Amino acid sequence: MSLALPNPYRIRIKTETDSTNADVLRALSAGEADGLLVWAVRQTQGRGRQGRSWHSLPGASLTFSVLIRPNPAEEAFSGRFTALGALAVIEALKELVGVKGALKWPNDVLLNGKKTAGVLAEAAWQGDQLAGLALGIGVNVSAGSVPEGVPLNFPATNIEKETGIRLEPDTLLSTILQAITALREILPTPEFFRVWEDSLAFKGEWALLRNETGETQRFRLLKLHDDGGLVVEDEAGELQTLYSSELTPSS
Ligand code: BTN
């Protein structure tokens, strides 16, 4: 397979692995440099946010992870890499299929209000120093990408269903990588924040959010905080900034 990869990316393709994020975390601890990309056809233990599993179907999904070693300019903004992954998918969809996806805070990409991609950034630490990140991205490309019978935390869809276009995974991958490269260049800037907030789904709307202990509460989504938190208003009119909650379907 020939892929046009921008610098500094190097690809490792696997027919099967446990999790491409786990592969990248292992590579990080073995000293691998920034830019390694692991793309797996099948993951046996694909993982999602908050300890959930990520299910995908070979041929119908794109599952890969990128090894990031934040440079000095990026270090103070490492909390932005999850958004960077989601925004890169949104950029690629705009370029390849001409649709505007939205970012369901903090890490999902929606097409027509349904989840089409998820991002999981996992950090590796050396003492209190950030050694690097595994930036994992899973995209539902075509029918069957979300296997039947799998419990979903949000309604899911795939690119082909929403657009009628069946993308080749390698085209999608190289377009996402180009977007990752461009977004990394603006990561520490107000321009990145503008792009991020511009893609935020449900802005100004009331939505149900679940916190890490499983409790749900209705909030109005106001804006992003520049540290990546979500500024919301509760039903008593109080403002709060949320960091580890996630949106759930309202009904
Ligand atoms: C989520 O929606 O909770 C995040 C899902 C992230 C899935 C991707 S697939 C490639 C990479 N490897 C993993 O094990 N997870 C991420």
Side-chain angles (χ1 to χ4, degrees), residues 19-21 37 39-43 46-50 52-66 81-121 135-180 182-183 195-203 205 207-210 221 230 246-251:
S19 150
T20 56
N21 264 30
L37 187 151
W39 174 13
V41 178
R42 178 193 300 275
Q43 295 187 115
R47 50 206 202 200
R49 206 166 164 261
Q50 297 190 337
R52 285 189 294 261
S53 299
W54 177 261
H55 300 274
S56 52
L57 186 77
S61 318
L62 174 66
T63 51
F64 70 96
S65 304
V66 182
F81 276 101
T82 300
L84 181 145
L87 293 171
V89 174
I90 291 172
E91 282 295 322
L93 291 176
K94 205 186 324 166
E95 185 173 331
L96 294 171
V97 293
V99 295
K100 183 156 169 38
L103 190 154
K104 178 170 87 68
W105 184 87
N107 69 321
D108 290 336
V109 175
L110 306 181
L111 279 183
N112 300 327
K114 283 173 270 169
K115 179 163 171 170
T116 312
V119 177
L120 179 67
L135 179 62
I137 300 184
V139 188
N140 303 333
V141 178
S142 52
S145 48
V146 184
E148 294 288 320
V150 164
L152 298 174
N153 64 322
F154 201 83
T157 190
N158 61 76
I159 298 167
E160 186 180 14
K161 185 167 174 199
E162 299 306 317
T163 66
I165 299 170
R166 189 181 181 119
L167 292 173
E168 291 300 328
D170 54 343
T171 308
L172 180 57
L173 175 57
S174 61
T175 311
I176 293 172
L177 272 182
Q178 278 153 19
I180 287 177
L183 286 162
V195 174
W196 189 3
E197 197 161 64
D198 187 52
S199 292
L200 187 65
F202 309 115
K203 199 161 32 170
E205 296 178 28
L208 203 58
L209 282 112
R210 188 190 308 111
L221 278 54
L230 182 66
E246 62 181 11
L247 271 115
T248 67
S250 301
S251 51

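Keep in mind that what you see is a predicted model, and the values were worked out from it rather than measured. Values below: every heavy atom of this structure, side chains too, minus hydrogens, waters and symmetry copies.
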(request) Might you point out which heavy atoms bring Pro106 and Thr82 nearest each other, and give the distance in Å? (result) O-CG2, 3.7 Å
(request) Would you please test Leu221 and Leu247 for side-chain contact (heavy atoms from CB on, under 4.5 Å) and show each step? (result) CA-CA 10 Å; Leu221 278 54; Leu247 271 115; 4.1 Å; yes
(message) Could you tell me if the side chain of Ile90 sits less than 4.5 Å from the side chain of Val195, heavy atoms only?
(response) no
(request) Enter the distance from Lys94:NZ to Thr175:OG1 here, rounded to the nearest 0.5 Å. (result) 13.5 Å
(message) Testing the basics here: between Gln43 and Ser19, what is the closest heavy-atom pair and its distance to 0.1 Å?
(response) OE1-CA, 3.4 Å
(message) Using a 3.5 Å distance criterion without hydrogens, assess whether the side chain of Thr248 forms a donor-acceptor pair with backbone atoms of Leu208.
(response) yes
(message) Taking side chain to side chain donor-acceptor pair (under 3.5 Å) as the definition, give me every residue that meets it alongside Asp198, ordered by chain and number, with sequence neighbours left out.
(response) none
(request) Any salt bridge (charged side-chain N to carboxylate O under 4.0 Å, His left out) involving residues 109-119? Give me the pairs, sequence neighbours left out, ordered by first then second residue. (result) Asp108-Lys115, Lys114-Glu162
(request) Indicate the atoms forming the closest heavy-atom contact of Gly59 with Arg166, along with that distance. (result) O-NH2, 3.9 Å
(message) Keeping Asn107 on the side-chain end and Leu120 on the backbone end, is there a donor-acceptor pair under 3.5 Å?
(response) no
(request) Report yes or no: does Asn21 contribute a side-chain atom to a donor-acceptor pair with the main-chain N or O of Gly136 at less than 3.5 Å? (result) yes
(request) Would you check if Val146 and Asn158 make a side-chain contact, meaning some heavy-atom pair closer than 4.5 Å? (result) no
(request) Looking only at non-hydrogen atoms, find the nearest pair between Ala60 and Gly144 and report the distance. (result) CB-C, 4.2 Å
(message) If you define the side chain from C-beta out and look only at heavy atoms, does anything of Ile137 sit under 4.5 Å from Phe64?
(response) yes
(message) Applying side chain to side chain donor-acceptor pair (under 3.5 Å), can you list everything that pairs with Thr116, at least two apart in sequence or on another chain?
(response) none
(request) Applying side-chain contact (heavy atoms from CB on, under 4.5 Å), run through Asn112 and Thr157 and close with a yes or a no. (result) CA-CA 9 Å; Asn112 300 327; Thr157 190; over 6 Å; no
(message) If you define the side chain from C-beta out and look only at heavy atoms, does anything of Val139 sit under 4.5 Å from Ile176?
(response) yes
(message) Among Ile165, Val99, Leu93, Leu62, which residue satisfies the side chain to side chain contact (heavy atoms under 4.5 Å, CB included) criterion with Ile159?
(response) Leu93
(message) Using the salt bridge (Lys or Arg N to Asp or Glu O under 4.0 Å) criterion, which residues pair with Glu246? Sequence neighbours excluded.
(response) Arg49, Arg52, Arg210
(request) Only counting residues at least two apart or in another chain, list the ones meeting side chain to side chain donor-acceptor pair (under 3.5 Å) with Asn140. (result) none
(request) Would you indicate whether the side-chain heavy atoms of Lys100 and Ser199 approach each other to under 4.5 Å? (result) yes
(request) Would you name the heavy atoms of Glu160 and Ala143 that are closest together and state the gap between them? (result) OE1-N, 3.7 Å
(request) Heavy atoms only: give me the nearest Leu103-Ala86 pair and the separation to one decimal. (result) CD1-CB, 3.8 Å
(message) Tell me whether Glu197 at atom CD has more than 12 heavy atoms from other residues, nucleotides or ligands lying less than 6.0 Å away.
(response) yes
(request) Under the side chain to side chain donor-acceptor pair (under 3.5 Å) rule, collect the residues that match up with Ser174, sequence neighbours excluded. (result) none
(request) State the CZ-NZ distance between Phe154 and Lys104, to the nearest 0.5 angstrom. (result) 5.0 Å
